[in-house]
Amino acid sequence: DQQVKQNSPSLSVQEGRISILNCDYTNSMFDYFLWYKKYPAEGPTFLISISSIKDKNEDGRFTVFLNKSAKHLSLHIVPSQPGDSAVYFCAANEFQGAQKLVFGQGTRLTINP
Amino acid sequence: NAGVTQTPKFQVLKTGQSMTLQCAQDMNHNSMYWYRQDPGMGLRLIYYSASEGTTDKGEVPNGYNVSRLNKREFSLRLESAAPSQTSVYFCASRGWSLDRAANYGYTFGSGTRLTVV
């Protein structure tokens, strides 16, 4: 079963507009959530994170929102720029045991000029 | 540059052949991980090593073995490659720092694209 789900395989947004990427999870024991960005032929790179005790974290053009009751988080990018075109992975940290990240399937974001 | 280095970057194997994917990190991280990336499946954990001397299975360990050679190096071995193991393989590491957010994030290598024919 997929504990972290990104139900939109792709998203296309016009340059300058807001991009909203969504992620749902099922495990209540996740204590930290992260977003990674991946360009072709490169490894994923860390973008932004949020603790489970918070509901919002901002870093420049990027904001992550966490709704614990709905087990849902979203990444907002505003304004969107062509360089934001990439695959975005949502990830969650398992609090128990040897802590490791569980990743979603990824969403391919395309920013159109 | 500090980071995670994976070799080789590309490899084509015939079914039944064996090979080892190499990974090394120079950040003094304790934990290391092997993931595979497949279309529509995201990143799935194959094996991980929480600290030097320990290894554990992840979500998709069948057909793979690992060795944590020392603190820096964590290798992934395919003993008898199968077409289902065609994928992009990523090694990652994680350490502990005063930056709490950094304690949860991985540093990834650039990947090994493996094709099994």
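Reminder, nothing fancy here: chain letters follow the sequence lines and each chain counts from 1. All figures in this text were calculated on a predicted structure; none of them were measured in a lab. Worth knowing before you read on, the calculation uses all heavy atoms, side chains too, and leaves out hydrogens, waters and symmetry mates.
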*hydrophobic_cluster_shared for Trp34(B) and Leu45(B), side chain cutoff 4.5 Å*: no
*Minimum heavy-atom separation for Tyr48(B) to Lys100(A), with atom names?*
CE2-CD, 3.7 Å
*How many angstroms lie between atom NZ of Lys38(A) and atom CZ of Phe108(B), to the nearest 0.5 angstrom?*
10.0 Å
_Count I, L, V, M, F, W, Y as connected when their side-chain heavy atoms are under 4.5 Å apart, and connections chain through other members. Are Tyr89(B) and Tyr33(B) then in the same cluster?_
no
*asked:* Are Tyr106(B) and Tyr36(A) an aromatic pair, judged by ring center distance below 6.0 Å?
replied: no
*With a 4.5 angstrom heavy-atom cut-off, which part of Leu43(B) approaches chain A: side chain, backbone, both or neither?*
both
*Are more than 12 heavy atoms from other residues, nucleotides or ligands located less than 6.0 Å from atom NZ of Lys71(B)?*
yes
*Would you call Leu101(A) and Arg94(B) a side-chain contact if the rule is heavy atoms closer than 4.5 Å?*
yes
*Which bit of Ala91(A) comes within less than 4.5 Å of chain B, counting heavy atoms only: side chain, backbone, both or neither?*
neither
*asked:* Around atom CZ of Arg61(A), are there more than 12 heavy atoms from other residues, nucleotides or ligands closer than 6.0 Å?
replied: yes
*Tell me, for Pro44(A) versus chain B, whether the close heavy atoms (under 4.5 Å) come from the side chain, the backbone, both or neither.*
both
_Over 12 foreign heavy atoms within 6.0 Å of CZ, Arg77(B)_ = yes
*Is it the backbone or the side chain of Gln37(B) that comes under 4.5 Å from a heavy atom of chain A, or both, or neither?*
side chain
*Do Leu34(A) and Leu109(A) share a hydrophobic cluster, counting only Ile, Leu, Val, Met, Phe, Trp and Tyr and linking them when any side-chain heavy atoms are less than 4.5 Å apart?*
no
*Please check if atom CZ in Arg113(B) has more than 12 non-hydrogen atoms from other residues, nucleotides or ligands closer than 6.0 Å.*
no
_Tyr35(B) and Phe103(A), any side-chain heavy atoms less than 4.5 Å apart_ = yes
*May I have the step-by-step check of side-chain contact (heavy atoms from CB on, under 4.5 Å) for Gln105(A) and Asp38(B), ending in yes or no?*
CA-CA 9 Å; Gln105(A) 305 96 313; Asp38(B) 301 292; over 6 Å; no
